[in-house]
Participant: 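Pasting a structure below so you can have a look.
Counting starts at 1 for both ligands and their atoms, following the listed order.
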Amino acid sequence: MRIFERDGHTVYPIVVPANYGLETCNFYLLKHGERLTLIDAGMPDKSSWQGLMEVLEKNNFHLHDITEILLTHHHIDHVGLVNQITEKHSVPVYAHPLSIPRLKRDNEFLKMRVDFFEQLYREMDCGDQGEKQVQYLKASLEKNDNQKLAADITPIQGGMRLFDFSIIEVPGHAPDQIAFVDEARKWCFAGDQLIKHISSNAIVEPDLEGNRIQSLIDYKKSLTAFRDLNVDLVFSGHGELIDNSKQLIEARLEKMVIKSQKIKKLIKDGISTGNAVAQHLYERHYEKQFPLVMSEITGHLDALEAEGQIGKRFKSGVWFYYAV
Ligand SMILES: [Zn+2]
């Protein structure tokens, strides 16, 4: 990806290959005045590290020139190199307050999160597939302990300014998802808020008290607010850069309405549990991408319920949905 320059600021994209249809994983070096800011930090692997080193070298920078790291959200493919960088060169790390228990791997929070998914899958009637996923989450508690960020994290949130950025909160894909908007240059660094070639998932998560966040409803609101920003270039976390964000958002919102109506139709036809809806709608992906599929269905069910289009009854530990 080429270098972008506007009004004295220069963006050096670091682009590495990524799996799961994401095409690439992107993170960015931004040179502005004396500062060299890293926005997101790739995956915790060799190719991200090499990608960073190559871009630094090619442009006559050194790791020690980085002045800070800004994180758009806590997902591992956006924070992967933070430890490796800060271990060699200590710089401030900025992230949303909701990133902190996740990035610091707060034990109590992570255990509560496993309980949250256990209850969700049980109440959605997910059976063996749900139990398998819960076992996986339990094993990850220890297995991923080495992903804990060592550096102190400085909290930043919506309404604040940092350098030439306004920080806006765009929850939905992740509860801590933020975007860095440079109004003067009409640039926006937005993590996974918007991806050009695929729909970003609104991933169901608990809040700090263990209550379900209405991810899809949040995501719709975030997309609508994002559409109204006066930016013409969105530096996305995956795939190509986005220079038509307004049209892309319209298309995404439309697609959500269609999906929502499909789900409502299934419920009208008597498919009544979250799990049954998931199996009907996602035959092929149900098993392979179970957590994402359940997230998607749960998000739509919550949104339909909030709009008064469906209702639900609790019977023998399971929610049964019906059309209104
Ligand atoms: Zn993400």
Participant: Of the backbone and side-chain N, O or S atoms of His75, does one lie nearer to the Zn ion (ligand 1) than 2.8 Å?
Facilitator: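 Short answer: yes, at least one N, O or S atom is under the cut-off.
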Participant: When you measure from the Zn ion (ligand 1) to each N, O or S atom of His173, which atom gives the shortest distance?
Facilitator: NE2
Participant: Of all N/O/S atoms in Asp192, which lies nearest to the Zn ion (ligand 1)?
Facilitator: OD2
Participant: Are side-chain N/O atoms of His32 and Asp164 paired as donor and acceptor at under 3.5 Å?
Facilitator: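 Checked: His32/Asp164 side chains show no N/O donor-acceptor pair below 3.5 Å.
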Participant: Heavy atoms, side chains only, cut-off 4.5 Å: are Leu137 and Arg113 in contact?
Facilitator: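 In short, these two side chains touch, coming nearer than 4.5 Å.
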Participant: Looking just at side-chain N and O atoms, do Asp40 and Thr72 make a donor-acceptor pair shorter than 3.5 Å?
Facilitator: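 A donor-acceptor contact under 3.5 Å links the two side chains.
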Participant: Do the side-chain N and O atoms of Ser48 and Asp45 include a donor-acceptor pair separated by under 3.5 angstrom?
Facilitator: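 Per modelled atom types, Ser48 and Asp45 side chains form a pair under 3.5 Å.
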